[in-house]
Amino acid sequence: MDNPVMSAITSLYPQVQFLQRQAASLLLYQSVLQTDVGIAFQELLQAIRYADADARGSLQAYGNYFHALATRKQNWEDYLVSQILIAENPFSKLTQQQDFKDLPPALISAVKHDLQVLQSLYECNSAVLSQWVQAVAHLPISPVVWYLEQDDMGSETALSLHHLEHWADAVEELAIYYQKFGIGLFAQYRALRWQDGEFVGIPYPDPVKLGTLVGYESQQEALLKNTEFLLSGEKALHVLLYGSRGAGKSSLVKALLNEYSHRQLRLLEVSKADLKDLPKIVEQLRGVPQKFIIFVDDLSFEEDDDAFKALKVVLEGNLTARPQNVVVYATSNRRHLIREFFADRPSLKNNEEVHAGDTMQEKLSFSDRFGLTLTFESADQSTYLKIVRHLAAQARISISPEELEYQALQWATRHNGRSGRTAQQFIDFLKADTFVFAANNSILDTQS
């Protein structure tokens, strides 16, 4: 009589082989299976297909697969859908530039094929794989199945893929999704930086909110208005935020991300050392659905700085049209961004530039190339205390107004002077001190 366990094992091998062939046949969406989870899935199929006598290979492969899903905090099904929604391939890129009806028919056919393949892989979920491992490893019970409540990804497309009978029917809907939300890193991250010649996502951007920033209302209003121009598809101005340290210039720019990211705003941090790449960066942002603020913090230049020339090209333009979805917001403590020395002043000595005065004026007027300059004056005592009171109220610090102001002024005297940064540092200290004091009293009460 045939062994029922062996019969079950024998019958699953063709299923595993079919899935492997399906995965190998992908034409456009290979990237879906090229991450840690995708690789672990394929290695698990291979281990099940060629399980040895004690099936250690399949058990180890299942452990790797489980670990990869747990690390991402995603089910296998959610993982597949999320990777489809951010995939960079000829189809997802072209949909951002052309109408669906103008796409090559062969491209549409390839997408339909791949979606059918990915749907078959989707149906091979963690519960199915756990049962297969149980069979080939001869376990009394199946291994633990990784499972979380399904995440709808916040999009109608994700929901339709989860519940659609035939994924190939969703090609046009998928194209509309790519047009609206973009692909790749720009779809995954709200904040990014340019590093070593490529975009890098920032998983945990600064959570600062506009509501915490007080004392510079007119500057904030002007920056918000300009950012609204950008988000509306109008021609926004490049902005220089100039003023004393600690005034909140950088915080104001970062707060824009938390205010407008739901409207596809992205904040891209570029260091001064990487400004030479700025023209290349801007070209890579052209034509994508997101709107970008290129954020350059603490900007200043030395003479003959290549970064100065690169930024000048972006601010003033060249023969290439400026993309409407990109602006530069830079902060600086210097009104004149290029350092000037007395030796730069015009002189009549031999072997020196005849029109040195013109060169000097070009240096001094570089900041004028920003369409909008916002000045942040040093905080006076009234402004400083206004910021402190606002932050204390948000932090729910229970202290008399008189004592709060007295301690705040003492803090400013002993530390970095009156500024928004100093006010935030004072409130952070006061909040932590209050918490520790309350915790210690609680311990003493328990002991007594």
Side-chain angles (χ1 to χ4, degrees), residues 1-27 29-87 113-153 158-168 188 203:
M1 181 179 292
D2 292 338
N3 186 326
V5 175
M6 291 305 300
S7 297
I9 295 174
T10 302
S11 66
L12 72 83
Y13 288 155
Q15 299 177 60
V16 173
Q17 189 175 34
F18 170 76
L19 290 175
Q20 288 181 308
R21 288 176 177 172
Q22 288 284 88
S25 73
L26 289 171
L27 301 171
Y29 283 85
Q30 295 94 334
S31 63
V32 171
L33 298 180
Q34 289 173 352
T35 68
D36 52 347
V37 172
I39 292 171
F41 173 80
Q42 294 180 85
E43 290 178 346
L44 177 55
L45 291 181
Q46 185 75 353
I48 292 173
R49 182 180 174 188
Y50 295 106
D52 54 22
D54 59 1
R56 285 177 297 176
S58 62
L59 290 172
Q60 290 174 346
Y62 184 82
N64 293 336
Y65 167 78
F66 185 99
H67 185 276
L69 288 175
T71 299
R72 285 180 176 259
K73 298 179 182 178
Q74 283 186 307
N75 298 331
W76 167 246
E77 298 93 328
D78 290 328
Y79 161 80
L80 271 182
V81 171
S82 67
Q83 291 300 307
I84 291 169
L85 295 183
I86 64 172
H113 167 270
D114 281 9
L115 288 178
Q116 288 175 339
V117 167
L118 292 169
Q119 186 173 13
S120 67
L121 300 182
Y122 173 98
E123 292 166 354
C124 181
N125 57 37
S126 297
V128 171
L129 290 171
S130 175
Q131 292 172 358
W132 288 358
V133 170
Q134 178 188 8
V136 298
H138 307 288
L139 298 176
I141 59 174
S142 60
V144 175
V145 176
W146 172 259
Y147 180 77
L148 288 174
E149 289 299 320
Q150 280 191 336
D151 180 6
D152 65 8
M153 301 288 295
L159 283 171
S160 69
L161 284 181
H162 279 304
H163 302 290
L164 197 64
E165 185 175 357
H166 300 292
W167 283 15
Q188 287 179 275

Is any side-chain heavy atom of [X] less than 4.5 Å from a side-chain heavy atom of [Y]?
X	Y	result
Gln15	Leu12	yes
Glu43	Tyr65	no
Pro143	Phe66	no
Tyr122	Trp167	yes
Asp78	His162	yes
Leu80	Val32	yes
Phe41	Leu129	yes
Tyr147	Asn125	no

Closest non-hydrogen atom pair, [X] against [Y]:
X	Y	answer
Val128	Glu123	CG2-O, 4.1 Å
Ala127	Val145	N-CG1, 3.8 Å
Gln42	Leu33	NE2-O, 3.0 Å
Ser58	Leu44	O-CD1, 3.7 Å
Ala47	Gly57	CB-O, 3.7 Å
Ala23	Val117	N-CG1, 4.2 Å

**Request:** For the pair Gln83 and Thr35, evaluate side chain to side chain donor-acceptor pair (under 3.5 Å) and give the outcome as yes or no after the intermediate values.
**Result:** CA-CA 9 Å; Gln83 291 300 307; Thr35 68; 5.0 Å; no
Atom [atom1] in [X], atom [atom2] in [Y]: separation rounded to 0.5 Å?
X	Y	atom1	atom2	value
Ile48	Tyr62	CD1	OH	9.5 Å
Ile84	Asp114	CD1	CG	9.0 Å
Asn64	Leu69	CG	CG	11.5 Å

**Asked** Pick one: which of Arg72, Gln188, Gln74 meets side-chain hydrogen bond (donor to acceptor under 3.5 Å, both in side chains) with Ser82?
**Response**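 Between Ser82 and the candidates, side-chain hydrogen bond (donor to acceptor under 3.5 Å, both in side chains) is satisfied uniquely by Gln74.
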Is there a donor-acceptor pair under 3.5 Å between the side chain of [X] and the backbone N or O of [Y]?
X	Y	value
Gln30	Leu26	yes
Thr71	His67	yes
Gln22	Gln116	no
Trp76	Leu121	yes
Asn75	Glu77	no

